[in-house]
Amino acid sequence: MNNIVSPSILSCDFLNIEKEISHFEGQENLWIHLDIMDGHFVPNLTFGIPIIKQISAKTGLPLDAHLMVENPEFHMEEMKDFGLHNITFHIETVKEPIALLDKYRDHYQSIGVSVKPNTPLSTLSHELLTKLDLILVMSVEPGFGGQSFIESSLDKVKELIRLKEEKGYHYQIQIDGGISDKNSEKVRKAGVDNLVAGSYIFKAEPSEYLTKVASIR
Ligand code: DX5
Ligand code: ZN
């Protein structure tokens, strides 16, 4: 199991993104999580391609793009040369996920799929599961930071662990939404490799960010 923490800059100071990210520079097992929203798949809107291009030129940290958009292929195409570490699209938005994954296999080190809280794991076929590097279990409804963790998402994590052991899949499991030091231990124990946390980290003072990261490892 990995022990990755992915601060989500959705809750950072948007007028100082570069400075906000700089606090994590040099940390091991830490990805910067980028929530890309289009105002359609989710009601909210964040940032897009030009800003992510600028971020990618400024940081040495692995970048993790979470596409909450109706047409993820557009973003995967436009960002394919940005050197992003991982890109995750929502299974609810794609008719042919395997074709999309195959098309961009060589452009991203890691490709993931996300499931919303009410989307069953049965939407992920065996063939898709064999190819995925990451599965992002949403533990809140996507769209906003600062929501409460949905407990039943741990059942999904446990099922993904069971399937992984039974079939030998290689995906890592990431969870996103409502993560704090109050629930991180049980989430890790359930088998999650990679914890996304937005408001828990960024509501603290910048001098406390790394302490917050350490508290959920
Ligand atoms: C929500 C986003 C999350 C968000 C999590 O749609 O995908 O990444 O930043 O925020 P917190 O950690 O505050 O729940
Ligand atoms: Zn996210």
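Throughout, numbering of the chain's residues begins at 1 and tracks the sequence. All values below come from the heavy atoms of this structure, side chains included, with hydrogens, waters and symmetry mates left out. Note that ligands are numbered from 1 as they come in the structure, with each ligand's atoms numbered from 1 the same way.
- The N, O or S atom of His66 lying closest to the Zn ion (ligand 2) is ND1.
- Set against the non-hydrogen atoms of Ser199, the atoms of ligand 1 under 4.0 Å away are 11 (P), 12 (O), 13 (O).
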Exercise for the section: Evaluate the salt bridge (charged side-chain N to carboxylate O under 4.0 Å, His left out) criterion for residues Glu159 and Arg162: first the C-alpha distance (whole Å), next the side-chain angles of each, then the deciding distance (0.1 Å), finally the verdict. Expected result: CA-CA 5 Å; Glu159 177 63 5; Arg162 193 191 66 73; 3.0 Å; yes
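- At least one N/O-N/O distance between Gly178 and ligand 1 falls below 3.5 Å.
- At least one heavy atom of Phe144 sits less than 4.0 Å from an atom of ligand 1.
- For the pair OD2 of Asp176 and NE2 of His33, the angle at the Zn ion (ligand 2) is about 100°; rounding is to 10 degrees.
- Annotation for Glu96: atom CD does not count as buried by contact number, only 12 or fewer foreign heavy atoms lying within 6.0 Å.
- The protein heavy-atom contact nearest to atom 9 (O) of ligand 1 is Ser8 OG, 2.7 Å.
- Atoms of ligand 1 lying under 4.0 Å from any heavy atom of Gly145, numbered from 1 in the order shown and given with element: 10 (O), 13 (O).
- Considering each of Leu195, Asp176, Ile179, the one bringing a non-hydrogen atom nearest atom 8 (O) of ligand 1 is Asp176.
- Considering both main-chain and side-chain atoms, Gly198 comes within under 3.5 Å of ligand 1 through a nitrogen or oxygen pair.
- Taking 4.0 Å as the cut-off between side-chain N and carboxylate O, Lys103 and Glu73 count as a salt-bridged pair.
- Residue Asp35 has at least one nitrogen or oxygen atom sitting less than 3.5 Å from a nitrogen or oxygen atom of ligand 1, judged on distance alone.
- Nearest protein heavy-atom neighbour of atom 11 (P) of ligand 1: Gly146 N, 3.7 Å.
- Each of the atoms 1 (C), 6 (O) of ligand 1 lies under 4.0 Å from some heavy atom of Gly143.
- Atoms of ligand 1 found under 4.0 Å from any heavy atom of Pro142 (numbered from 1 in listed order, with element): 6 (O).
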Exercise for the section: Test Met138 against Ser153 for side-chain contact (heavy atoms from CB on, under 4.5 Å), laying out the working first. Expected result: CA-CA 7 Å; Met138 286 307 300; Ser153 49; over 6 Å; no
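- Nearest heavy-atom pair across Ala204 and Tyr209 is O-CE2, 3.3 Å.
- Aromatic ring centroids of His126 and Tyr169 lie under 6.0 Å apart.
- The closest side-chain heavy-atom distance from Leu61 to Ile21 is below 4.5 Å.
- Heavy-atom proximity to His33, at under 4.0 Å, picks out these atoms of ligand 1: 8 (O).
- Among heteroatoms of the N, O or S kind in Asp35, OD1 lies nearest the Zn ion (ligand 2).
- With 3.5 Å as the limit, one finds no donor-acceptor pair spanning the side chains of Glu70 and Thr93.
- Near Val196, the atoms of ligand 1 lying under 4.0 angstrom from a non-hydrogen atom of the residue are 8 (O).
- Using a 4.0 Å cut-off between a side-chain N of Lys or Arg and a carboxylate O of Asp or Glu, Lys131 and Asp102 qualify as a salt bridge.
- Under the 3.5 Å distance criterion, with hydrogens and angles disregarded, no donor-acceptor pair is assigned to the side chains of Asn3 and Asn29.
- Heavy-atom proximity to Met68, at under 4.0 Å, picks out these atoms of ligand 1: 6 (O), 7 (O).
- For Asn2 (side chain) and Ile4 (main-chain N/O), no donor-acceptor pair under 3.5 Å exists by modelled atom type.
- With hydrogens and angles disregarded, a donor-acceptor distance shorter than 3.5 Å links the side chain of Ser139 to the backbone of Gly177.
- Near Gly177, with a cut-off below 4.0 Å to any heavy atom, the atoms of ligand 1 are 14 (O).
- Between His66 and ligand 1, at least one N/O pair is under 3.5 Å apart.
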